[in-house]
Amino acid sequence: MTDAAGGPSETGSTALASIAAMRELKLELTRFMMSYKFASDEMLTKINILKEEFSSIHDYSPIEHVSSRLKSPEGILKKAIRKGYPLELDGIRNNIQDIAGIRITCSFISDTYRIRDLLAGQRDVTVLHEKDYIEQPKANGYQSLHLIVAIPVFMSDRVQPVTVEIQIRTIAMDFWASLEHKIFYKYNGAVPDTLVEDLRQAADAASRLDVKMELLHDQVVALESVDANDADLFSFDGLPPFPLPKGLLDSFVRGRTEPE
């Protein structure tokens, strides 16, 4: 649209400015969501490195399963409105810290704290907040270890610290939480009191099972330690799977033990 002098009309200029603003907003929103995806990918890489290292070198891996999720823009907006947060990206970034989420399922209770310590000890991971629902379960019986961590994401024009929520729990805790979620979804939150009590009792049973299974595991490890002390120190039969030929390992042993 043009005015009488042939230049853009005021209405046309406003429309062009609006289009430019929408394009800029779309770009910023895309960059915003990508930063959380990159942060999640970075944390997943760290976790999978630990998992593979334990599987290859140690007796067992404390990490049984890892999953991740990223809130949709619609989900983020709904939460911001529900919580009364400012509807702008900086306000959302500062107030909603579970846009990227990772769940780690471990074998035993002690493993949850072990993984927590290993992740928190990495130089580029900053633990902003921790909630220990294992030591202090929720009233309904829910147990899990929750961490909010910040990790730097290197974009083309900036380094953006991005938060990731990490939930660490045992297999029994994860099974209970999954069942509880399905029940609350089915009843739309209005769960009958009898079911609520049954869920709480199930959580207690799952907690006792965790403790019992870890005691059994510790007994097995103790027996294996006794057997290992009686084994040939140069036998590779007791080693976990290793991506090197046995003959090569034998050569290294001979090189260390044979006199020059």
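Below, all heavy atoms of this structure are taken into account, side chains as well, without hydrogens, waters or symmetry copies. Numbering starts at 1 and runs along the sequence shown.
For the residue pair Ser107 / Glu64, a side-chain donor-acceptor distance below 3.5 Å is found, with atom types taken as modelled. Side chain to side chain, Asn94 and Tyr85 fail the donor-acceptor criterion of an N or O pair below 3.5 Å.
Counting heavy atoms of neighbouring residues, nucleotides and ligands inside a 6.0 Å radius, atom CG of Asp117 exceeds 12 of them. Around atom CE of Met33, more than 12 heavy atoms belonging to other residues, nucleotides or ligands sit under 6.0 Å away. Other residues, nucleotides and ligands place no more than 12 heavy atoms under 6.0 Å from the CD atom of Glu52. Heavy-atom neighbours of Lys46 NZ from other residues, nucleotides or ligands within 6.0 Å: above the threshold of 12. The environment of CZ in Phe175 is sparse: at most 12 heavy-atom neighbours from other residues, nucleotides or ligands sit within 6.0 Å.
Ionic pairing of Asp204 and Arg200 is present here: one or more N-O contacts between side-chain nitrogen and carboxylate oxygen are shorter than 4.0 angstrom.
Taking CD1 of Ile92 as the reference point, atom NZ of Lys71 lies at 12.0 Å (rounded to 0.5 Å).
A donor-acceptor pair under 3.5 Å is absent between the side-chain atoms of Gln122 and the main chain of Val125, judged by distance alone. When atom types are taken as modelled, the side chain of Arg69 and the backbone of Ile99 share a donor-acceptor pair closer than 3.5 angstrom.
For the pair His146 and His129, the minimum side-chain heavy-atom distance is 4.5 Å or more. In this structure, the side chains of Ser68 and Ser40 come closer than 4.5 Å at one or more pairs of heavy atoms. When side chains are defined from C-beta on, Arg169 counts as touching Arg103, because their heavy atoms get closer than 4.5 Å.
Both tests pass for Lys138 against the ring of Tyr142: distance under 6.0 Å to the centre and angle within 45° of the axis.
When all heavy atoms are compared, the tightest approach of Thr170 to Phe108 is CG2-C, 3.6 Å.
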